[in-house]
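Because only heavy atoms are used, hydrogens play no part in the values below, and waters and symmetry mates are left out as well, while side chains stay in. In what follows, every chain begins at residue 1, and chains take the letters A, B, ... in the order their sequences are listed. As the structure is a prediction and not an experimental result, all values here were calculated from the model.
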Amino acid sequence: MSIPQFEEIVEPNDQTEARHEHLEKLRGLVGNVYPNKFKRSHVSGSEDTITALLSYPPIAAVSTEIGEIVAKLGERERPPAEIKDALNARLKELGNVRIAGRVAVPPRVMGKAAFVHLSDGISRIQIYCRKEDFVFVRNDSRDSLDPQDSWTAFGLLDHGDFIGVEGYLFITNTGELSVHVEQLQFLAKAMLPMPDKMHGIADPEIRQRQRYADLIASSLQVRSEPPTGAPAAASASGVAKSAGGQDLTTREVFERRARVISSLRRFLEDHGYIEVETPMLTPKATGAAAKPFETHHNALDITLYARIAPELYLKRLLVGGFEKVYELNRNFRNEGISYKHNPEFTMLEFYCAYMDVNGMMDFCEELLKESVLNAAGTLQLEYEGNTLDFSNFERISMRDAIGKYAPGVEARDNEIVSVFDTHVEPKLIQPTFIIDFPKSISPLSKASPENPIFAERFELYINRMEVANGFSELNDPREQYDRFVDQMAERERGDEEAMVLDEDYIRALSYGMPPAAGIGIGIDRLTMLLTNKHSIRDVILFPHMRPERRDPDLSEPPA
RNA sequence: GGUCCGAUAGCUCAGUCGGUAGAGCAAAUGGCUUUUAACCAUUGGGUCCCAGGUUCGAGUCCUGGUCGGAUCACCA
């Protein structure tokens, strides 16, 4: 295997060469250009990130006051000096702050003063540097550069570099909260140019392959209505929009994803569930109908499969005496990639002893309402031109749903599923539990006591997508065995996705499993709904893609 | 896997009928001590995705390929 040259990875061009030159000149001025740390101040009570400082009440209050005054001014008008001076006196009392971040705009140098915005990935704040008025700190000693060298060093900063500054907060003549810099420390270089400050990254390939660049672009992008001082956290309310009313930035999408996941965990733990971890590499790929990834374990010389579902392991734990368990982690399915399928996807599965399918629907509804509200701040979500209303979940049998959404369409018992898939699923926009599934396609669920051709099973549909699937768990080992045998017969007939018999699972059930209900919830799809994203790749940080291919001419060095 | 669409400067994009490769941003140089998509002046920057073909001449037309997107089928 050939080792690519550094220059093949970071290709030289006028942009990178300029940055490289700046870096070498900076090295001459400040010594170490990749120092190990920068100590931030604690004015806000905890470590002063830019976001923490901006949301610290005394500072937020000043921002709000000046913001209200500026909002009333005309195009070229400036806020009155006496108001500004009074606010500046309040800011000065807070003392010096030490903050760090990425240079968020190309530095604006104007003769003998300069303005730069720093970003902490969420919020940005302006810093103001005046020649003769601030110094660069050397990174290999405690010395400072003289003002002339400091000004020279400032000119070597590029859009995207990391710097740390110390200074005092003040309001500029135009009314923007800024840091008047007294000391500046160089922290790290950006050797590659930042994404276009107005457009960000348009190419979906780069957005997904180089998520880091996408995240930078989303934090540095200049929006048509820039968020003036208000931290992004203030956007917690509202639908899939951030403070300015625009679509969520990439950063905000993944913050919202994190919020819904932590809320799901909290709700489950508050209701007595414990989180468990079951094998991802398993000798049998079962518990769902899907093609698995296959690998080989050398030491044991056996084939292992990446799990397609944790279901059968979790139910073994019910046998073992855990009454409420959940697992929130990845499943792997070796199938097509689409806007709603990624080869690895995140599933929340949980099981509750002594509960049936109806109790599970009730609980699922409460869980989703709570988590959606926590993550998005509302139960009404704008999505693809519809308003999804999470305050109301319909429950309807598969048979009745066909009558309601596809009136006049004939559906004999053996066709009910395909008729449902083609005629009903595309119409299920609002949260809908479909119940009464045919038992034949539900090999792990209990039959309905009222009508044994149905399983006590539901699927939750939202915006034409299956978001959850749950049922009363079959706990009769003999019947489970018979169902597996039926599945194996399907397999023999060529259905590659029919379920595989798991002997150990039958043995486990034979020790006795309490009546129980279980569910799987697709976290990626739920996140799509919460963030108004139409592709699963937009809610997975590093979605699967074909590997990047290097130019073959460049990758064959002499042997 | 099928169908449709796309790839041009570091980034975002134009490029007419086949006739010398364009803009904005970014970069470089100079100016400017409160700017904020800063501004003004000057300069540099191209494997037009790759390989063939048609043609006097191809970014443009044709064929094949690579990568990506949308969509359909299977899956959650």
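Nearest to the side-chain atoms of A:Arg130 among the listed nucleotides B:rC74, B:rC67, B:rU33 stands B:rU33. Of all nucleotides listed (B:rU34, B:rC67, B:rU12), B:rU34 comes nearest to the side chain of A:Asn173. Side-chain proximity of A:Ala202 to B:rC75, B:rG68, B:rC13: nearest is B:rC13. Looking at the side chain of A:Arg525, the nearest of the listed nucleotides B:rU34, B:rA76, B:rG68 is B:rA76. Taking only side-chain atoms of A:Phe170, from C-beta outward, the nucleotide of B:rC67, B:rU34, B:rC74 with the closest atom is B:rU34.
Nucleotides B:rG6 and B:rG59, compared at atom C1', are 14 Å apart to the nearest Å. Only the C1' atoms considered, B:rC50 is 11 Å distant from B:rA7, to the nearest whole Å. For the C1' atoms, the distance linking B:rG57 with B:rA21 amounts to 16 Å, nearest Å. Comparing the same atom, P, in B:rG22 and in B:rU63 gives a spacing of 29 Å after rounding to whole Å. Rounded to a whole angstrom, the distance from the C1' atom of B:rG24 to that of B:rG15 is 15 Å.
Following rounding to the nearest Å, A:Glu17 (CD) and B:rA9 (C1') show an atom-to-atom distance of 14 Å. To the nearest angstrom, C1' of B:rC67 lies 16 Å from CZ of A:Arg207. Rounded to whole Å, atom P of B:rA76 lies 9 Å from atom CE of A:Met347. Here the C1' atom of nucleotide B:rA28 and the CG atom of A:Leu156 are 13 Å apart, to the nearest Å. At whole-Å resolution of the value, CG in A:Asn13 and P in B:rG46 are 10 Å apart. With rounding to whole Å, A:Phe115 atom CZ is found 13 Å from B:rA37 atom P. Between A:Ile206 atom CD1 and B:rG10 atom P there is a gap of 12 Å when expressed in whole angstrom units. Between the CG atom of A:Asp133 and the C1' atom of B:rU33 there is a distance of 10 Å, given to the nearest Å.
Just one residue in the list A:His341, A:Lys340, A:Arg257 forms a side chain to side chain donor-acceptor pair (under 3.5 Å) with A:Asp524, and that residue is A:Arg257. Shown are A:Asp436, A:Ile441, A:Ile435; of these, the side chain to side chain contact (heavy atoms under 4.5 Å, CB included) with A:Arg457 is made only by A:Ile441. With A:Asn96 as the fixed residue, the side chain to side chain donor-acceptor pair (under 3.5 Å) test singles out one of A:Glu182, A:Gln183, A:His180: A:Glu182.
For A:Tyr461 and A:Phe420, the distance between ring centers is under 6.0 angstrom. Aromatic rings from A:Phe186 and A:Phe136 are positioned such that their centres are separated by 6.0 Å or more. When ring centroids are compared, A:Phe437 and A:Phe471 stay outside the 6.0 Å threshold.
For A:Ile50 against A:Ser119, the heavy-atom pair with the smallest separation is CD1-C, 3.8 Å.
Under the stacking criterion of a centre-to-centre distance below 5.5 angstrom and an interplanar angle below 30°, A:Tyr339 is not stacked against the six-membered ring of B:rA70.
Between A:Gln208 and A:Pro343, the one whose closest nucleotide on RNA chain B sits nearer the 5' end is A:Gln208.
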Show each protein N/O and nucleotides 22-27 of chain B N/O combination with a separation under 3.5 Å, one pair to a line.
{"residue": "B:rG24", "atom": "N2", "partner": "A:Asp196", "partner atom": "OD2", "Å": "3.3"}
{"residue": "B:rA26", "atom": "OP1", "partner": "A:Lys197", "partner atom": "NZ", "Å": "3.1"}
{"residue": "B:rA26", "atom": "O2'", "partner": "A:Gln15", "partner atom": "OE1", "Å": "3.1"}
{"residue": "B:rA26", "atom": "N3", "partner": "A:Gln15", "partner atom": "NE2", "Å": "2.9"}

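Counting distance only, with no hydrogens placed and no angle test, the side-chain atoms of A:Gln126 and the base atoms of B:rU35 include a donor-acceptor pair under 3.5 Å.
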From CA spacing to verdict: side chain to side chain contact (heavy atoms under 4.5 Å, CB included), A:Lys533, A:Arg256
CA-CA 12 Å; A:Lys533 290 294 172 192; A:Arg256 189 166 284 192; over 6 Å; no
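At B:rC74, none of the side-chain N or O atoms of A:Arg333 fall inside 4.0 Å of OP1 or OP2 (strictly under the cut-off).
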